[in-house]
Number of protein chains: 2
Amino acid sequence: MALALAEAEAAAARGEVPVGAVVTDAEGRVLASAGNRVEELNDPSAHAEILAIRAAAAKTGSPRLTGCDLHVTLEPCPMCAQAISFARIRRLAFGAYDPKGGGVEHGPRIYHQTTCHHQPEVVGGVEERRAGDLLREFFRDRRPDRS
Amino acid sequence: MALALAEAEAAAARGEVPVGAVVTDAEGRVLASAGNRVEELNDPSAHAEILAIRAAAAKTGSPRLTGCDLHVTLEPCPMCAQAISFARIRRLAFGAYDPKGGGVEHGPRIYHQTTCHHQPEVVGGVEERRAGDLLREFFRDRRPDRS
C-alpha cells in the first residue's frame with residue numbers, strides 16, 4: 001500500500017484526483033503500479049486500478065491475472081470493481097471508503113450482484129487515514145471557496 | 001447501429017466475443033468505433049465501449065464527451081455502464097439485452113444507483129435480434145459440445 005500511496009501523491013502533483021494502485025503477483029512481487037491519469041490522457045477510464053491492471057495484464061500476456069492482488073488507496077468505483085472481477089484478481093485491498101462513488105461497499109456493491117461471476121476477497125480500510133487525507137487535502141486545495 | 005454491428009462481426013472474426021460500439025457527436029457524426037479486443041490486447045478492460053470512448057475522447061481532447069451518443073450491440077456490463085456515465089454520454093442505445101452480465105437493465109442497474117452522478121438517456125433493444133444472433137452464433141460455434 002506504500003507504493004499505492006506514493007502513486008496517489010504523484011497523481012495529485014499532476015493535478016489528478018489522488019488515487020494510486022498496485023498489482024502484485026501470487027508471491028507479492030509488484031507487477032505494475034499506476035496513478036489516476038484521467039485528465040492527462042483524456043480518458044475517462046484511466047483510473048489507477050484500470051491502468052495498473054492493463055499494465056500487469058500486458059506484462060503477463062493474459063487478460064486474466066489469476067492469483068494476483070490489487071492494492072488501491074480508495075474504494076474502487078463500479079467501473080473498476082467490475083474490471084477487477086474480469087481480471088480475476090484474488091484479493092482486493094483498499095484504503096479509504098467512498099460513500100459517494102464507491103462500488104464495492106457502497107452503491108451497486110458489484111461483488112454482491114448475480115451478474116458478477118468472480119468475487120475477489122476484499123479488505124477495506126488499509127491505511128485508510130493516509131489515503132483519505134490525501135484526497136481531502138487535494139479537494140480542499142482545489143476548492144478554496146468550499147472551506 | 002449498422003457500424004456497431006459491423007464492428008461486432010469483425011470482433012467475431014478475430015475470435016473475440018462479438019460486441020461493437022460507436023460514439024457519435026451531437027450532430028450524429030461518427031467520432032470513433034471499436035470492437036471487443038480483450039484477448040488480442042490482453043486487456044480485461046478492452047470492451048468495445050471502453051475502446052470507442054477512449055478513442056473518441058482522445059480525438060476530442062477531453063475525457064468528457066458531453067452531448068455525444070454511444071451505440072453498442074449488447075447491453076453494457078457494469079464496467080462499461082459506469083465508464084459511459086463518467087464520459088457524460090448523452091444517449092446510450094444498445095442492441096441485445098444481457099441478463100447474465102448486463103449492468104444497465106440487469107444486475108446493479110448502474111444508472112439507478114445514488115453513486116452514479118450522470119445518467120444517460122437509455123434505449124435498449126435496437127436491432128436486438130441481429131446483435132443477439134451474432135452472439136449466439138459465436139458461442140454455438142465455439143462450444144460445439146453444448147448443442
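FYI, side chains are in, hydrogens and waters are out, and symmetry mates aren't considered; it's all heavy atoms of this structure. By convention in this document, chain letters (A, B, ...) are assigned in the order of the sequence lines, proteins followed by strands, and residues within each chain are numbered from 1.
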Donor-acceptor contact below 3.5 Å, side chain A/E105 vs main chain A/G102
no
Quick one: do B/R37 and B/E40 make a salt bridge, cutoff under 4.0 Å?
yes
Max heavy-atom pairs within cutoff under 4.5 Å with chain A, candidates B/A58, B/A55, B/G103, B/S45, goes to B/S45
Can a salt bridge be assigned to the pair B/R29 and B/E27 using a cut-off of 4.0 Å between side-chain N and carboxylate O?
yes
In terms of side-chain geometry, is the basic nitrogen of A/E9 or A/R130 positioned less than 4.0 Å from the acidic oxygen of its partner?
yes
A/R109 versus chain B, heavy atoms under 4.5 Å apart: side chain, backbone, both or neither?
neither
Checking side chain to side chain contact (heavy atoms under 4.5 Å, CB included) between A/L70 and each of A/L65, A/I53, A/V22, which is the one that passes?
A/I53
Between A/I110 and A/V104, does a side chain to side chain contact (heavy atoms under 4.5 Å, CB included) hold up when you go through it step by step?
CA-CA 6 Å; A/I110 291 293; A/V104 175; over 6 Å; no
Nearest heavy-atom pair of A/T73 and A/P18: which atoms, and what distance?
OG1-O, 4.1 Å
Looking only at B/H47, B/R64, B/R54, the option with the highest number of non-hydrogen pairs under 4.5 Å against chain A is B/R54
So which residue, A/A57, A/A56, A/C77, A/P78, ends up with the most heavy-atom pairs under 4.5 Å with chain B?
A/P78
Pick one of side chain, backbone, both or neither for B/H112, based on which atoms fall under 4.5 Å of a heavy atom in chain A.
neither
Can you tell whether the side chains of A/K100 and A/E75 come within less than 4.0 Å, N to carboxylate O?
no
Under 4.5 Å, counting heavy-atom pairs only, tell me which of A/T114, A/D98, A/D43 racks up the most with chain B.
A/D43
Per-residue contacts, residues 80-97 of chain B versus chain A, heavy atoms under 4.5 Å
B/Q82, B/A83, B/F86, B/A87
Indicate yes or no: at least one non-hydrogen side-chain atom of A/E127 is less than 4.5 angstrom from one of A/L5.
yes
